[in-house]
Structure formats: structure tokens, C-alpha cells
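Heads up: the structure comes next, in C-alpha cells.
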Amino acid sequence: MTTIRFTLFTLVCLVLVGCSDAGNGKPSANAPAFTDSLPADIFVSSKIDGAKSVTELKKDAKEGDEVIIRGVVGGAVDPFVANRAMVSLIDYTVVSCKDNGESCPTPWDYCCTPQEELTQARATIQVTGSDGFPLKVGLSAGQKIKPYDVIIVRGKVGPRPSAEVLVVNAEAIHVEGAKN
């Protein structure tokens with residue numbers, strides 16, 4: 001039953017980070033206060049070697065596998081889940097409007113890319129608490145990660161209810177910087 005609830009929660013979160021220009025990413029006035037904080041050692045300054053792409057890992061990663069994944073923070077105007085330590089990661093090889101030479105104020109939303117392609121190239125990165133659920137704090141807290149940043153994450157694969165879903169429970173995150 002816990003796996004089913006976790007899977008449903010993950011799918012809802014993936015829908016929330018889907019391509020949309022609705023909302024401003026700010027919590028509502030009625031939003032509850034959250035007190036979790038990110039682990040002090042979650043962000044690492046040294047590069048994490050051995051990273052694979054999102055699409056490469058989606059082919060054969062299994063729940064519990066230790067993985068290192070590299071991608072671009074994106075897939076929506078706001079790729080972060082409000083008040084949760086979760087972010088959408090897009091395969092580095094997916095072409096954004098900016099990559100095509102177009103002027104785009106939000107290249108990280110990949111609005112020029114068909115949704116089917118984004119679905120195949122998307123993973124969810126989350127930082128979980130001892131209960132296995134995402135921490136109740138925004139992963140963008142402290143502005144260490146921003147949309148269109150390239151990040152490398154070391155962690156474990158969470159439940160995979162289908163080949164389209166890849167959730168990585170982060171143990172370490174290295175921010176390379178904005179995608180060129």
C-alpha cells in the first residue's frame with residue numbers, strides 16, 4: 001500500500017511540474033508553514049564522476065539502484081515543486097528554444113519540445129526524509145539550484161511503476177551552472 005501511495009504522489013508531482021505558465025511558484029496565503037530543512041551536505045562542490053543521462057538511466061534503472069544522473073533543471077516554467085524538495089530534470093541532449101537560436105525568456109520550460117519527448121527525457125529528483133517522503137522545503141531554497149542549471153545527482157532509484165517514471169532520491173547534488 002505504501003508503494004501505491006508513493007507512486008500516486010510521484011505521478012501527481014510530475015503533473016504539477018508539467019509544462020504550464022499558470023501560477024507564480026509562490027505559496028498561497030493559506031499554505032501551511034513548513035519547517036524541514038535540506039541536509040547541510042546535500043550540495044557538494046566537487047564534480048561527481050560517472051554520470052549517465054536521464055534517457056540512458058530510464059532504459060534499465062531499477063528501484064534501489066545506486067545511480068549518478070546528469071541533466072538540466074527544467075521541463076516547466078517552474079520545475080520546482082512548491083514546499084517540497086523536488087525538481088524536474090530533463091536530459092541534457094533535449095533541444096530547447098534557446099538551443100535552436102530563438103530568443104526565449106524561459107528556455108528551461110522546453111515549450112518547443114513535444115510533450116512525448118519531454119516525458120521520455122524527464123526524471124524527478126527529490127531529497128527525502130527518514131520517512132521516505134520528500135522533505136517539506138523547496139529544493140530551490142537558498143537559490144543554489146536555478147532553472148536551466150545543469151546538475152549531477154548521486155542517489156538511489158525510487159519506485160518505478162512504469163518505464164516513463166524515474167525518481168532519484170538524491171544523496172548528493174553538484175551544480176555545474178547554467179546550460180550554455
Side-chain angles (χ1 to χ4, degrees), residues 2-25 51-102 104-128 132-135 138-140 145-170 173 175-176 178-180:
T2 300
T3 302
I4 292 171
R5 282 187 287 179
F6 180 79
T7 301
L8 289 173
F9 176 78
T10 301
L11 291 174
V12 168
C13 290
L14 288 172
V15 169
L16 289 174
V17 296
C19 204
S20 169
D21 59 2
N24 59 11
K52 293 185 177 183
S53 70
V54 174
T55 53
E56 191 176 6
L57 282 175
K58 280 185 126 174
K59 290 178 187 175
D60 57 8
K62 294 175 184 41
E63 182 177 347
D65 285 354
E66 297 262 348
V67 296
I68 300 173
I69 187 170
R70 180 177 185 256
V72 180
V73 173
V77 171
D78 186 1
F80 298 94
V81 177
N83 301 314
R84 292 290 182 269
M86 300 177 75
V87 67
S88 176
L89 194 68
I90 300 297
D91 193 290
Y92 189 87
T93 62
V94 175
V95 177
S96 71
C97 297
K98 182 178 177 182
D99 296 332
N100 282 333
E102 298 176 38
C104 180
T106 57
W108 57 86
D109 68 3
Y110 290 86
C111 63
C112 301
T113 306
Q115 280 300 312
E116 309 82 55
E117 185 179 339
L118 280 181
T119 298
Q120 295 304 313
R122 178 178 293 153
T124 299
I125 305 301
Q126 62 185 15
V127 180
T128 59
F133 289 99
L135 294 174
L139 193 52
S140 63
I145 302 178
K146 296 182 259 350
Y148 216 51
D149 275 351
V150 177
I151 64 173
I152 301 172
V153 177
R154 184 181 71 242
K156 288 186 180 174
V157 175
R160 296 210 58 198
S162 74
E164 293 179 339
V165 176
L166 177 63
V167 177
V168 176
N169 298 319
I173 301 171
V175 181
E176 289 185 359
K179 182 178 180 187
N180 296 328

Shortest non-hydrogen contact between [X] and [Y], atoms and distance:
{"X": "G158", "Y": "N169", "value": "CA-ND2, 4.0 Å"}
{"X": "A170", "Y": "V127", "value": "CB-CG2, 4.1 Å"}
{"X": "P161", "Y": "P159", "value": "CD-O, 3.4 Å"}
{"X": "V95", "Y": "Y110", "value": "O-CD2, 3.8 Å"}
{"X": "G75", "Y": "R122", "value": "O-NH2, 3.1 Å"}
{"X": "Q126", "Y": "P134", "value": "OE1-CG, 3.3 Å"}

Side chain to side chain contact (heavy atoms under 4.5 Å, CB included) filter on E117, not counting sequence neighbours, yields V94, T113, P114
Taken in chain and number order and not counting sequence neighbours, the residues that satisfy side chain to side chain contact (heavy atoms under 4.5 Å, CB included) with T106 are C104, W108, D109
Non-neighbouring partners of [X] that pass salt bridge (Lys or Arg N to Asp or Glu O under 4.0 Å), sequence neighbours left out:
{"X": "E102", "value": "none"}
{"X": "D99", "value": "K179"}
{"X": "E56", "value": "none"}
{"X": "K52", "value": "none"}

The side chain to side chain contact (heavy atoms under 4.5 Å, CB included) partner of I69 among L166, V157, D91, I151 is L166
Mind checking what makes side-chain hydrogen bond (donor to acceptor under 3.5 Å, both in side chains) contact with [X], not counting sequence neighbours?
{"X": "R154", "value": "none"}
{"X": "T119", "value": "none"}
{"X": "D149", "value": "none"}

Residue pairs meeting disulfide (SG to SG under 2.5 Å), one or both in residues 61-90, sequence neighbours left out, come to none
Is there a donor-acceptor contact under 3.5 Å from the side chain of [X] to the main chain of [Y]?
{"X": "K58", "Y": "A163", "result": "no"}
{"X": "R84", "Y": "F133", "result": "no"}
{"X": "S88", "Y": "G74", "result": "yes"}

(message) If you define the side chain from C-beta out and look only at heavy atoms, does anything of V67 sit under 4.5 Å from K156?
(response) no
A side-chain contact here means heavy atoms from C-beta on lying under 4.5 Å apart; do P79 and Y148 qualify? no
| message | Are more than 12 heavy atoms, taken from residues, nucleotides or ligands other than N180, located less than 6.0 Å from that residue's CG atom? | response | no
Disulfide (SG to SG under 2.5 Å) filter on C112, not counting sequence neighbours, yields C97
Note to self: Evaluate K146 against V73 for side chain to side chain contact (heavy atoms under 4.5 Å, CB included), listing each step before the verdict.
What the structure shows: CA-CA 7 Å; K146 296 182 259 350; V73 173; over 6 Å; no
When rounded to the nearest 0.5 Å, the distance separating CD of E176 from CD1 of I152 is 4.0 Å
